[in-house]
Amino acid sequence: MTYHSTRGQAPVLVFDDVLLAGLARDGGLYLPQRWPTLSADELRSLAGLPYAELAVRVMRPFINGTIAEDDFAQLVSETYGVFDHAAVAPLKQLGRNDWLLELFHGPTLAFKDYALQLLGRLFDHVLRTKGRRVTIVGATSGDTGSAAIEACRDREAVDIVILHPHGRTSEVQRRQMTTVASANVHNIALEGTFDDCQDMVKAMFNDQAFRDELNLSAVNSINWARIMAQIVYYVAAATALGAPGREVAFAVPTGNFGNVYAAFAARRLGLPISQLVVGSNTNDILTRFFETGEMVMGQVVPTLSPSMDIQVSSNFERYLFDLFGEDAGEVRARMGAFRQSGRFSVDSARMTAIRTLFAGYRLDDEGTRQVIRRIYQETGELIDPHSAIGVAAGRACRRDPATPMVALATAHPAKFPAAVEAATGVRPALPPRLADLFERPERYDVLPNDFDTVKAYVRRAARVAA
Ligand SMILES: *Cc1c(COP(=O)(O)O)cnc(C)c1O
């Protein structure tokens, strides 16, 4: 299995190098050159397997030839062993053909643990094998940071620097990052938005000399290995609900297009997914795209669902690559135009094809509160604001009431207690492993949105530079 860049001007790599590289050297994103397939028989044989076993079977073709099979199975088993629900990604029924896929049973209570807990272990394994160290740099709107830090803390071959937008994450989110007392963990509170943080990380990666000096590496959703690990829960959920004999639809609250791209990838492997509904908050660049065929960057507005306060959907580039028949020149031209003018458009014939699979839906904060309240009244379940947008999107856009609609619950309600309490009058409690979060001391540095200042900070943090 080899991987190529969506922009066609970076070296072709095998899995372990894609893992360590994150972003491709030409600014593109890595994708498999030839996709594996899951036949109907294979899908049938996956139904009901323990999550870790199913995960190994789904991911094995993607790592083919780079990590020994037994080692990989061991890493995957350790990864999902730290989750605090026996099913790892349990399905909960909300109504007839109306399901919630709970993806918040990992150490930091958001779906990002499902990929990042594996990534931390894969990094450690591959770096030890190669005798190398890396500096991981990442931007977070809240949940990626804590999940990445939790996955990399105390790993000998890794230093990790995470940038979050100062004052724009929830207190629980911030504390989950800043209370980790490991020497290899560094938190920057950047004076800017999440997109500023993301631009800063991209600028560091585009500075070739700096990138090589510190062995920079990324764990953002641009890293292929994250997409790979996220494919697994779509396969687990769909086969549990009757695939391949039955089609399944998913509703995904997304900003970066990462999670929903994993669903698209699962479909490409052969999973019978009939519809993908993309839910956004007021930062609705994706929803506007599905409505109009134009991708137009807007201003970021803070909302109740901060992990989706994004106006640049990095992973969309992977979908574009597929949309344009894997023509890297076409992707380069569109991404270049987007960078210059903040917009690009897709012709109406292609949009018609896109809309046979995708729909977009937006929900503002008031709507989000109403959905949290309604779900609580109907079912007794407390859901977080991101998950509420997913549920609402699925209910509003579903085409076929006979097809199960699975909304992704991407965070535990206790990660956003203020919003949930305001909507329902009930304050969700943190699970036992985080119960003392508000007593733990914090450690972070506030920095201006200035490239040289941030670079100097990262250089000091990185033990590889010493
Ligand atoms: C990160 C995150 C999202 C958005 O994920 P994408 O990678 O943008 O698809 C949604 N909900 C929660 C709780 C998150 O942490």
Side-chain angles (χ1 to χ4, degrees), residues 29 100-116 119 138-151 162 164-165 168-170 172-174 176-177 194-195 197-198 218-231 233-234 250-266 276-281 283-287 300 303-319 358 360 363 368 372 383-393 407-417 419-420 428:
L29 308 180
L100 201 62
L101 179 62
E102 290 186 352
L103 299 175
F104 51 69
H105 296 286
T108 71
L109 315 182
F111 85 92
K112 295 185 174 76
D113 289 327
Y114 289 73
L116 285 169
L119 235 70
T140 187
S141 54
D143 295 332
T144 309
S146 55
I149 286 170
E150 200 55 52
I162 295 294
H164 69 266
R168 291 181 191 236
T169 60
S170 80
V172 173
Q173 286 180 314
R174 190 191 70 238
Q176 282 186 306
M177 297 189 278
F194 168 67
D195 287 334
C197 294
Q198 186 145 280
V219 293
N220 275 2
S221 59
I222 52 179
N223 195 307
W224 163 257
R226 280 185 63 179
I227 303 288
M228 175 186 79
Q230 290 173 205
I231 293 172
Y233 47 72
Y234 289 101
F250 288 95
V252 187
T254 189
N256 237 322
F257 206 71
N259 205 0
V260 72
Y261 182 78
F264 179 76
L276 290 172
V277 184
V278 170
S280 51
N281 60 30
N283 301 291
D284 59 349
I285 182 168
L286 286 168
T287 298
V300 179
T303 70
L304 290 179
S305 42
S307 296
M308 307 196 312
D309 290 348
I310 288 170
Q311 286 287 358
V312 178
S313 301
S314 305
N315 264 292
F316 194 76
E317 181 166 340
R318 289 194 157 104
Y319 178 61
F358 285 100
L363 196 64
T368 303
I372 295 173
I383 57 174
D384 101 289
H386 304 79
S387 309
I389 291 172
V391 170
L408 272 57
T410 50
H412 191 287
K415 251 191 134 154
F416 302 93
V420 175

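Each ligand, and each atom within it, is numbered from 1 in the order the structure gives. Sequential numbering from 1 along the given sequence is applied to the chain's residues.
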Undergrad: Donor-acceptor pair, distance only, cut-off 3.5 Å: does the side chain of Thr140 make one with the backbone of Gly145?
TA: yes
Undergrad: Under the salt bridge (Lys or Arg N to Asp or Glu O under 4.0 Å) rule, collect the residues that match up with Arg174, sequence neighbours excluded.
TA: Glu171, Glu442
Undergrad: Do side-chain atoms of Asn256 reach the backbone of Ser314 as a donor and acceptor pair under 3.5 angstrom?
TA: yes
Undergrad: Taking only residues two or more places apart in sequence, or in another chain, which ones meet Tyr233 in a ring pair (Phe, Tyr, Trp, His ring centres under 6.0 Å)?
TA: Tyr114
Undergrad: Considering only heavy atoms, which protein residues lie less than 4.0 Å from any atom of ligand 1?
TA: Phe111, Lys112, Asp143, Pro253, Thr254, Gly255, Asn256, Phe257, Gly258, Asn259, Ser307, Met308, His386, Thr410, Ala411
Undergrad: Once salt bridge (Lys or Arg N to Asp or Glu O under 4.0 Å) is applied, do any residues pair with Asp113, and if so which ones, sequence neighbours excluded?
TA: none
Undergrad: What I'd like to find out is whether the side chain of Lys415 reaches to under 4.5 Å of the side chain of Thr108, using heavy atoms alone.
TA: yes
